[in-house]
Undergrad: 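My structure is below; once you've seen it, I'll send some questions.
Chain identifiers are assigned alphabetically (A, B, ...) following the order of the sequence lines, protein sequences preceding nucleic acid strands; residue numbering begins at 1 within each chain. Predicted, not measured: the structure shown is a model, and the values here were computed from it.
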Amino acid sequence: MTRNEFKKRFLKARRRIIAGEFSHLNDMQQEAVMATEGPLLLLAGAGSGKTTVIINRIANILKYGRASDCDEIPPYATEAELEVLEAYADRATEEIPEDVKSICALERAEPWRVIAITFTNKAADELKSRLEAILGEQALDIWASTFHSACVRILRRDIERLGIYSRNFTIYDTVDSQSLIKRIVKDLELDEKMFPPRTVLTYLSNAKDQMQTAEDFIDQVSKTRDIRKKQIGEIYREYTKRMREANALDFDDLILITVKMLSEYEDVREYYSNKFKYVLVDEYQDTNKLQYNLVRLLAGKWNNICVVGDDDQGIYRFRGASIENILSFEDQYKNCRVIRLEQNYRSTGNILDAANAVISMNVARKGKELWTKNERGELITLYRAENESDEAQYVATQILEGFSQGLNWGDFAVLYRMNAQSNQLEYAFKRNGIPYRVIGGTKFFDRAEIKDMLAYLCVINNTNDDLRLLRIINNPPRGIGAKTVDTVSQIASEGGVPIYEVVKRAREYTELSGAANRLLGFVNLIEDLRSFAYTAPEGEAAQDTQPKPRPLDELYEYLLRRTGYIDMLEKKNPQENASRIENIWELKSNIITYMQENEDGSLAGFLDEIALYTDIEQLDESVDSAIMMTMHSAKGLEFPVVFIVGAEEGIFPGVRSIGEPEELEEERRLCYVAITRAKKKLYITAARQRMLFGRTSANRISRFVEEIPDAYMDKVQPGITIIRNTGFSAPRPKTEKSRIEWQEKKTVPVTEFRKGDRVHHKAFGEGLLISVTAMGGDALLEIAFDSVGTKRLLCNSAARHMKKIDV
DNA sequence: ATCATAACGCTTTTT
DNA sequence: GCGTTATGAT
């Protein structure tokens, strides 16, 4: 056999074996999995098995290295090995023995040479657990993390290079950043109305995205006459100064500083770019310029960069994401390959076609048409409601109907454009006894009491953290009033020292003589907490090892006792503060969870995790309940039944996007995202009239609905949904004629149901009516259902799903 | 220092 | 329409 012929046969057999390992994937997916080398752009439509491809691609890299994507064979390959391969090539679908795999492999990558970057912790967690499921233990060494946590990891190691920050830097979240800005605006004596913290932060964020320092920013605007921008420049400068003094980094800084460090320090760059032989980035359409730069630097050495995304699902332009990154990837990486995943495994034909129809109206896109082998499925139901409460009731009714047919509550998701829309829906769900969960809205970690507790922990960790220090210096009240705080922070900023230093030396300043005792009391408290935190518990201290830090939960309990925070809440208003106290204990369970998951977990580590992981309470999937959330939060999720509510001009698309072609395209992408969340059934609802922000308006139906061909839709009008007597409501009338007939029927009288009645509810089954309480024009029914427990329903809503049964 | 009332303002959101 | 915040009065 010539060497050439040998090589050919070897390659052929090897390829068949590797392909066999991924034969459960479709052709395009397989191609993507096997294209391990060089730049790869993976355009993955909604529901096309994107994460599966990422997982398998990594598995391929670890198992076979670059064998699936090159024409090289090991120089030491023998004919005996070829025989083994060929013997297995034909039955490649079975489990392949390890020795055969290693004949195939060419430069297997160690797990720590792979970095997979995602946007959300949830996505990162999913990636990690799926990797672990197919790769076992070695998956733990893969860097599967968010942009931000990857940067924190890098910075904790190397940030001291820059000589500005120390390793134990603090992370500021958006709220922290905003309150710092607020302080600065005050201190610079600027008009607070002209500089809302949110807006200013957006400017800073954009500047950082362009890698502009405060000085760059000031330079740039100095040529203009825009005084406001010049002042924003001043704010930026002051912000940077104070952040440095506080040894703090905000979310943008985490990435910015990492990029700076990698650009400026060749040895650091060399270390990471050499380390990461394979770089993968998920949701690439949502990256901003800074993130693009980070990825570019990390992948700079090996150029094995795979970005996965869908230009049609870019919905975060408003926060700086640049869809350009995906649209121009091919220009940036000239020799890159492009693979499209267009087969959808999630939705029915009707739903998918509707989504395709809508998104095809956009101009700025790569062009891609999803298709599916799934059945056509049910038509999309469009419901034109009278007003928002009719809309909500309709949704509730459909859910009850679905539940009575055997679906779970968790199979339903209601998607809206803005959080403010959830109110009416919540009412309707409550009235009808539908268990639900609202995702988003006010977050656990944004609550005042939680912020307070974390502020204490932050100060223990880093006494230079002025912002957090100011938050707790008089909380609980310890007689340090606003005036004292002002004087202290002024002295501090004049001397360029942390506030804590001034507080410590209160006696040295005549201005503070009056408050000195109380200030020193505070110092005492902090020092006490600090020494508690970093001293080993009794008996465990070994003389030859360095002192072990105190377990976090003990520190936390000590903190609660020593500060008297809970006592204060209880004394003040035990009623109102009950939930606050609950939250404080809830934080303790977070601490315990953290300790269980991180054996050598430190206070600093815990604070990192908290700073970057803000949605801990989110998904408790153990409880079966319907889900409500914004369309944005729904990205990446899927549900059997989806309701898109408020499909009206002015709401969706929102007022601010109408007349702005680019914004409108973003709204349309959002619509595409929303539609493609649905697996089996999609409802779209729109109200003729709606009250929002205290104003009633009549809106035209959303243009996005008009963009869906009628053939995919079933249009439904409001019928009278309340029936007169016993018995269930008939199917909703669909024609104008029957609708009018139905309008003759009357509201069910409150007296229809009595205490002690046996009732049958369409969704909840049989039960006993325990009490009837008149409430306005309605009645609250308390019913002990045989199988689902006791529920409280409002008669006007529930009656249509209920009848009395004779005993 | 704390409470009351007036005033504002309000996409979307992750880190 | 509602929830948060700013300001002033006690």
Undergrad: With A:Asp187, which residues qualify under side-chain hydrogen bond (donor to acceptor under 3.5 Å, both in side chains), at least two apart?
TA: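 Result, side-chain hydrogen bond (donor to acceptor under 3.5 Å, both in side chains) vs A:Asp187: A:Arg242.
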
Undergrad: Say we look at C:dT5 and B:dT12: how far apart would their P atoms be, to the nearest angstrom?
TA: 16 Å

Undergrad: Would you say the side chain of A:Arg417 and the base of B:dT12 hold a donor-acceptor pair, judged only by whether the two atoms sit under 3.5 Å apart?
TA: yes

Undergrad: Is the base of B:dT12 syn or anti, if syn means a glycosidic angle within 90° of 0?
TA: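 Here the answer is anti: the torsion falls beyond 90° from 0.
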
Undergrad: Examine A:Phe147 together with A:Phe119 and report whether their ring centres are nearer than 6.0 Å.
TA: yes

Undergrad: Rounded to whole angstrom units, what separation is found between the CE atom of A:Met629 and the C1' atom of B:dT14?
TA: 15 Å

Undergrad: At under 4.0 Å between heavy atoms, what does A:Met691 touch on the DNA or RNA strands: base, sugar-phosphate, or nothing?
TA: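 Since only primed, P, OP1 and OP2 atoms lie under 4.0 Å of A:Met691, the category is sugar-phosphate.
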
Undergrad: Expressed in angstrom and rounded to an integer, what is the separation of A:Ile171 atom CD1 from B:dT14 atom P?
TA: 17 Å

Undergrad: First contact, last contact: which nucleotides of DNA chain C are these for chain A, 5' to 3', heavy-atom distance under 4.0 Å?
TA: C:dG1 to C:dA6

Undergrad: Could you state the atom-to-atom distance from CG of A:Asn121 to P of B:dT13 in whole Å?
TA: 16 Å

Undergrad: What are the residues of residues 467-485 of chain A, sorted by number, that bring a heavy atom to within less than 4.0 Å of DNA chain B?
TA: A:Asn474, A:Pro477, A:Gly479, A:Gly481

Undergrad: I need the minimum non-hydrogen distance between A:Ala647 and A:Ile684, along with the two atoms involved.
TA: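 The pair with the smallest heavy-atom distance is CB-CG2, 3.5 Å.
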
Undergrad: Does this structure show an ion pair linking A:Asp209 with A:Lys289, if we count only N-O contacts that are shorter than 4.0 Å?
TA: no

Undergrad: Identify, with sequence neighbours excluded, every residue that meets ring pair (Phe, Tyr, Trp, His ring centres under 6.0 Å) alongside A:Tyr172.
TA: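 Partners of A:Tyr172 by the ring pair (Phe, Tyr, Trp, His ring centres under 6.0 Å) criterion come out as none, since no residue qualifies.
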
Undergrad: A:Ser633 near the nucleic acid: base, sugar-phosphate alone, or nothing, with a heavy-atom cut-off under 4.0 Å?
TA: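 The residue A:Ser633 makes sugar-phosphate contact but no base contact.
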
Undergrad: Would you indicate what A:Phe318 reaches in the nucleic acid, counting non-hydrogen atoms under 4.0 angstrom: base, sugar-phosphate, or nothing?
TA: base

Undergrad: Return the orientation label for the A:Tyr316 and A:Phe318 ring planes: parallel under 30°, perpendicular over 60°, tilted otherwise.
TA: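 Because their plane-to-plane angle lies in the 30° to 60° range, the rings of A:Tyr316 and A:Phe318 count as tilted.
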
Undergrad: For residues 651-667 of chain A, which residues have at least one heavy atom under 4.0 Å from DNA chain B?
TA: A:Arg656, A:Glu663, A:Glu667

Undergrad: Could you tell me how far apart A:Ile610 (CD1) and B:dT14 (P) are, to the nearest whole angstrom?
TA: 16 Å

Undergrad: What is the separation between atom NE2 on A:His632 and atom C1' on B:dT12, rounded to the nearest whole Å?
TA: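 After rounding, the reported distance stands at 4 Å.
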
Undergrad: Name all residues meeting the side-chain hydrogen bond (donor to acceptor under 3.5 Å, both in side chains) criterion together with A:Arg156; count only those two or more places apart in sequence or in a different chain, and write none if there are none.
TA: A:Asp608

Undergrad: Could you work out, with ring pair (Phe, Tyr, Trp, His ring centres under 6.0 Å) as the rule, every residue matching A:Tyr416, not counting sequence neighbours?
TA: none

Undergrad: Tell me whether the rings of A:Phe704 and A:Phe652 are parallel (<30°), tilted (30 to 60°) or perpendicular (>60°).
TA: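 Perpendicular.
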
Undergrad: Could you work out, with ring pair (Phe, Tyr, Trp, His ring centres under 6.0 Å) as the rule, every residue matching A:Tyr565, not counting sequence neighbours?
TA: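 Applying ring pair (Phe, Tyr, Trp, His ring centres under 6.0 Å) to A:Tyr565 gives none.
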
Undergrad: Here's one to test your reading of the geometry: is the NZ or CZ of A:Arg695 within 45 degrees of the ring axis of A:Phe693 and under 6.0 Å from its centre?
TA: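 Judged by the rule, A:Arg695 and A:Phe693 form no cation-pi pair.
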
Undergrad: Nearest whole angstrom, please: distance from the C1' of B:dT12 to the NZ of A:Lys635.
TA: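 Distance, rounded to whole Å: 12 Å.
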
Undergrad: With distance as the sole test, does A:Gln285 use its side chain to make a donor-acceptor pair with the main-chain N or O of A:Asp310 at under 3.5 Å?
TA: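 Side chain of A:Gln285 to backbone of A:Asp310: a pair is present.
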
Undergrad: What pairs meet the salt bridge (charged side-chain N to carboxylate O under 4.0 Å, His left out) rule with one or both residues in residues 253-262 of chain A, with sequence neighbours excluded?
TA: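 Checked against salt bridge (charged side-chain N to carboxylate O under 4.0 Å, His left out) - neighbours excluded - the pairs reaching residues 253-262 of chain A are A:Lys208-A:Asp253.
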
Undergrad: Starting at CG of A:Asn288 and ending at P of B:dT14, how long is that distance when rounded to a whole Å?
TA: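 My rounded result for the distance is 16 Å.
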
Undergrad: Enumerate the residues from residues 179-198 of chain A whose closest heavy atom to DNA chain B is under 4.0 Å, giving them by residue number; use none for an empty result.
TA: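 Going residue by residue through residues 179-198 of chain A, the ones with a heavy atom under 4.0 Å of DNA chain B turn out to be A:Arg198.
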
Undergrad: What residues form a salt bridge (charged side-chain N to carboxylate O under 4.0 Å, His left out) with A:Glu660, not counting sequence neighbours?
TA: none

Undergrad: In whole Å, what is the span from the NE2 atom of A:His148 to the P atom of B:dT15?
TA: 8 Å

Undergrad: Relative to the 5' end of DNA chain B, which residue comes earlier, A:Phe693 or A:Phe147, by the nucleotide with the nearest heavy atom?
TA: A:Phe693

Undergrad: Answer with base, sugar-phosphate or nothing: what part of the nucleic acid does A:Asn419 contact at a heavy-atom distance below 4.0 Å?
TA: sugar-phosphate

Undergrad: Name all residues meeting the ring pair (Phe, Tyr, Trp, His ring centres under 6.0 Å) criterion together with A:Tyr165; count only those two or more places apart in sequence or in a different chain, and write none if there are none.
TA: none

